[in-house]
Number of protein chains: 2
Amino acid sequence: MDATDRELVALLQEDATQAYAALGKAVGLSAGAAHERVRKLRERGVIRRTTIEVDPAALGRGVLAFVMVESSVWMGDSAAAFAAIAEIQEAHVIAGTASVLVKVRTSTTEQLQYVLRRLYEIEGVSGTQATVSLETFFERPASPLGG
Amino acid sequence: MDATDRELVALLQEDATQAYAALGKAVGLSAGAAHERVRKLRERGVIRRTTIEVDPAALGRGVLAFVMVESSVWMGDSAAAFAAIAEIQEAHVIAGTASVLVKVRTSTTEQLQYVLRRLYEIEGVSGTQATVSLETFFERPASPLGG
DNA sequence: GTTGAAACTACCGACTA
DNA sequence: TAGTCGGTAGTTTCAAC
């Protein structure tokens, strides 16, 4: 994981359809060497997979909200219960009065309300506090450079 | 944007390195037809780009936190100020006492503290409230199916 | 890490329902 | 308009160096 690897990761985050020849040229390597580095990054799990980035609104998920889920019991083993709700994009165990923070995308605020209702049906959930996003400034991959 | 398109999006979210022949087979189309559909999805902006999914910890971003940023003025034009901080992965304008919610990834909690300090340097910021993630249940792309 | 060669794939045209 | 089929250009991938 040297500087060249980080550059390769940054380039692939920008555009993973690039040919290895172009990648190599950008970091001063041959296509074969770039390919071998990327192969190893995948093997080590640094690169988990190649995916597409989608416009949520086009999928009927134009409403974004973050929901703090409060619970009366330890929720450390409830991952599956949250994953079963398709509208939930992320779920994180947090410290504080709430115990899980989820990121939800729905088509409408009515559907958001329905998601909240389903959250209450999860064993141990005693409350929710939803915050709707009015505008997303940006969403980007974790930077391999800087910081 | 019919059911076949949604299936294609789901398959590409899983693995965008698949050959069009395989994609077509999975949805009952020829490689050429699958290619044409995906081309149009890109053209329409439904598919924004092809990227890689990276292990944040491998990039030195093992600490995840959500920060509510309070401000005394309207922050609707401050996107660039947040984007300038490499550790910030997402920034959303929200309703409520806080006005911006940011998702931050740093190497250590010390670095998180440093990010908070830089947030205070943004014009109008009057307070922050950070919530550290203890464990991430899952993070996945917005589902094109269900919900 | 480099180069080159083989296998595979994307891509684009002409054609068809 | 949406799909199929086939040929070519370009890419990935894997040798040997």
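Quick note on labels: first sequence line is chain A, next is B, and so on, each numbered from 1.
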Q. For the side chain of Arg6(B) and the backbone of Pro144(B), is there at least one donor-acceptor N/O pair under 3.5 Å apart?
A. yes
Q.
Under a 3.5 Å distance rule, please check whether Gln13(B) uses its side chain to pair with a backbone N or O of Ala142(B) as donor and acceptor.
A. yes
Q: Sort and list the pairs that fulfil salt bridge (charged side-chain N to carboxylate O under 4.0 Å, His left out) and have at least one residue in residues 55-75 of chain A, not counting sequence neighbours.
A: Asp55(A)-Arg48(B)
Q: Rounded off to whole Å, could you give me the CG-to-C1' distance for the Asp2(B) and dT1(D) pair?
A: 13 Å
Q. Quick one: do Arg39(B) and Glu36(B) make a salt bridge, cutoff under 4.0 Å?
A. yes
Q: Answer yes or no: is there a donor N or O on one side and an acceptor on the other, between the side chain of Gln18(B) and the main chain of Leu11(B), under 3.5 Å?
A: yes
**Q.** Option from Phe66(A), Phe138(A), Phe137(A) for which ring-ring contact (aromatic ring centres under 6.0 Å, His included) with His92(B) holds
**A.** Phe66(A)
Q) Is the shortest side-chain N to carboxylate O distance from Asp15(A) to Arg49(B) below 4.0 Å? A) no
Q.
Around atom CD of Glu135(A), are there more than 12 heavy atoms from other residues, nucleotides or ligands closer than 6.0 Å?
A. yes
Q. Listed in order of residue number, which residues of residues 12-28 of chain A have a non-hydrogen atom at under 4.0 Å from DNA chain D?
A. Gln18(A), Ala19(A), Tyr20(A)
**Q.** Sub-4.0 Å heavy-atom contacts from residues 29-51 of chain B onto DNA chain C, ordered by number
**A.** His35(B)
